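Have a look at the structure below before the remarks.
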Amino acid sequence: MSSFEADFVGARVLASPNHGERIGTDAPDRLILHYTGMETGEGALAWLRNPDSQVSSHYLVHEDGRIDQLVPETRRAWHAGRSLWKGVEDNNSHSIGVEIVNAGHPGGLPDYPEAQIAAVAELCLDCVKRWSIAPEMVLAHSDIAPVRKVDPGEKFPWKNLYLTGVGHWVEPAPIGGGRFFQRGDAGQPVEALQSMLALYGYGLDVTGNFCERTEGVVAAFQRHFRPEKIDGIADISTIDTLHRLLSSLPRFRA
């Protein structure tokens with residue numbers, strides 16, 4: 001496939017060979033955001049279009065707000081890798097992937113420019129409307145692949161996206177004192193925490209043991225929903241924020 005018609009009106013089509021048929025579904029039900037983690041947008045674009053890389057995304061959003069579409073939305077782009085969300089392991093087949101040009105943690109995690117975030121919001125709003133993607137299914141790469149991935153990072157302005165009508169958000173509870181849980185703890189309270197995280201969608205076994213995986217999932221949750229402090233420790237702020245997110249989902253409202 002050398003060319004195709006853009007799904008998003010504002011996108012420039014620059015086709016990547018790295019895609020395939022969606023497996024088990026024809027309609028994506030989740031939107032996954034990444035940062036490129038490379039020095040330049042041009043380098044990221046070249047990599048996403050290189051057949052040797054075996055990597056691609058549906059969209060690439062540059063710092064100045066330009067949007068390139070590399071793979072048709074009906075096709076399976078290769079961006080999620082090994083991942084798990086709401087029991088689904090093949091997140092490539094079930095998602096639209098958006099790469100955002102940013103050097104990421106390796107490059108000091110620079111701020112996202114306003115023009116870029118405005119373009120991301122416009123693109124995402126168009127995608128979620130056309131595919132009826134639920135707010136809680138607008139995800140970070142770090143949500144579906146905790147421990148392994150940390151993008152798009154704690155500087156990504158999820159609240160700004162939410163205010164434009166994209167994604168799920170509640171104001172994070174203030175950081176303060178009180179009881180907390182951390183690696184090595186065990187018991188029913190840890191089991192309850194793991195159950196809430198798994199219920200929200202994170203890939204986590206409910207064992208009652210606060211293991212390395214649990215710590216990584218808590219850190220991923222904090223990176224998305226409580227970015228002021230990311231330490232993998234389930235403090236009152238983290239638990240309260242998680243509880244209010246769950247309570248605000250339609251299926252849990254009274």
Side-chain angles (χ1 to χ4, degrees), residues 23-25 29-34 79-95 97 105 133-154 156 158 167-254:
I23 302 169
T25 183
D29 67 355
R30 59 202 66 191
L31 184 64
I32 300 171
L33 305 188
H34 310 252
H79 59 96
R82 189 175 70 255
S83 58
L84 182 62
W85 188 262
K86 290 190 178 294
V88 172
E89 294 182 342
D90 183 5
N91 281 283
N92 282 334
S93 284
H94 289 261
S95 68
H105 292 84
I133 296 173
E136 66 273 18
M137 299 296 273
V138 179
L139 306 165
H141 197 190
S142 54
D143 289 322
I144 67 170
V147 182
R148 190 173 70 85
K149 293 294 182 178
V150 293
D151 57 309
E154 54 271 23
F156 185 79
W158 292 101
H168 192 206
W169 181 263
V170 298
E171 282 299 321
I175 296 173
R179 191 177 181 189
F180 59 86
F181 306 104
Q182 61 186 355
R183 197 196 298 196
D185 289 342
Q188 193 279 328
V190 173
E191 184 177 330
L193 169 68
Q194 292 172 327
S195 296
M196 287 195 296
L197 288 164
L199 189 60
Y200 194 77
Y202 287 93
L204 184 63
D205 292 332
V206 180
T207 64
N209 296 310
F210 202 114
C211 57
E212 181 181 4
R213 172 73 178 183
T214 302
E215 182 181 75
V217 168
V218 170
F221 175 84
Q222 292 170 337
R223 187 165 276 113
H224 187 154
F225 296 107
R226 207 286 305 272
E228 184 180 349
K229 185 178 183 181
I230 302 161
D231 56 9
I233 296 173
D235 57 2
I236 295 299
S237 168
T238 302
I239 295 169
D240 179 69
T241 303
L242 171 59
H243 183 266
R244 287 185 293 112
L245 280 164
L246 282 169
S247 298
S248 67
L249 292 175
R251 64 184 181 275
F252 294 117
R253 292 177 189 148

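Position 1 is the first residue of the sequence, and the numbers go up from there. Computed from heavy atoms alone, side chains included, the values below leave out hydrogens, waters and symmetry copies. Being a predicted model, the structure only gives us computed values, none of them experimental.
- Using modelled atom types, one side-chain atom of Thr241 and one backbone atom of Ala173 make a donor-acceptor pair closer than 3.5 Å.
- Ile233 and Gln182 make their closest contact through CD1-OE1, 3.7 Å (heavy atoms, listed as atom of the first residue, atom of the second, distance).
- Side-chain contact between Asn92 and His79 is present, with at least one heavy-atom pair separated by less than 4.5 Å.
- Between Ser248 and Val170, the shortest heavy-atom distance links the atoms OG-CG1, 4.2 Å.
- The distance from atom CG of Leu199 to atom CG of Leu204, rounded to the nearest 0.5 Å, is 12.0 Å.
- Expressed to the nearest 0.5 Å, how far CG of Asp90 lies from OG1 of Thr25 amounts to 10.0 Å.
- Here the OG atom belonging to Ser83 is positioned 7.0 Å from the CZ atom belonging to Arg148, to the nearest 0.5 angstrom.
- In this structure, OH on Tyr202 lies 12.5 Å from CG on Leu84, to the nearest 0.5 angstrom.
- With hydrogens and angles disregarded, no donor-acceptor distance shorter than 3.5 Å links the side chain of Lys86 to the backbone of Ala198.
- Without hydrogens or angle criteria, Arg244 side chain to Glu171 main chain gives a donor-acceptor distance under 3.5 Å.
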Yes or no on side-chain contact (heavy atoms from CB on, under 4.5 Å) for Leu245 and Glu136, after CA distance, side-chain angles and deciding distance? CA-CA 9 Å; Leu245 280 164; Glu136 66 273 18; over 6 Å; no
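- Among the candidates Val218, Asp235, Leu242, the single residue satisfying the side chain to side chain contact (heavy atoms under 4.5 Å, CB included) test with Arg226 is Asp235.
- More than 12 heavy atoms of other residues, nucleotides or ligands shown are found within 6.0 angstrom of CG on Asp231.
- Between the side chain of Gln194 and the backbone N or O of Asn209 there is at least one donor-acceptor pair closer than 3.5 Å.
- Residues Ile144 and Arg30 form no side-chain contact, since every pair of their non-hydrogen atoms from C-beta on lies 4.5 Å or further apart.
- Here the side chains of Trp158 and Pro152 are in contact, with some heavy-atom distance below 4.5 Å.
- Separation of atoms OG (Ser247) and CG (Asp240) is listed at 9.0 Å; rounding is to 0.5 Å.
- Taking the six-membered ring for Trp and thresholds of 30 and 60 degrees, Phe225 and His168 have ring planes more than 60 degrees apart, a perpendicular arrangement.
- For the pair His141 (side chain) and Val150 (backbone), a donor-acceptor distance under 3.5 Å is absent.
- Test His105, His224, Gln222 against Glu154 for side-chain hydrogen bond (donor to acceptor under 3.5 Å, both in side chains) and you get one pass: His105.
- The two residues Ala234 and Thr238 come nearest to each other via the heavy atoms CA-CB, 4.4 Å.
- Within the 4.5 Å cutoff, no side-chain heavy atoms of Lys149 are placed close to those of His34.
- Side-chain contact between Met196 and Ile239: present, with at least one pair of heavy atoms (C-beta onward) separated by less than 4.5 Å.
- A distance of 8.0 Å separates CG in Leu33 from CG in Leu139, rounded to the nearest 0.5 Å.
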Under the side-chain contact (heavy atoms from CB on, under 4.5 Å) rule, what do Ile32 and Trp85 come out as? Steps first, then yes or no, please. CA-CA 11 Å; Ile32 300 171; Trp85 188 262; over 6 Å; no
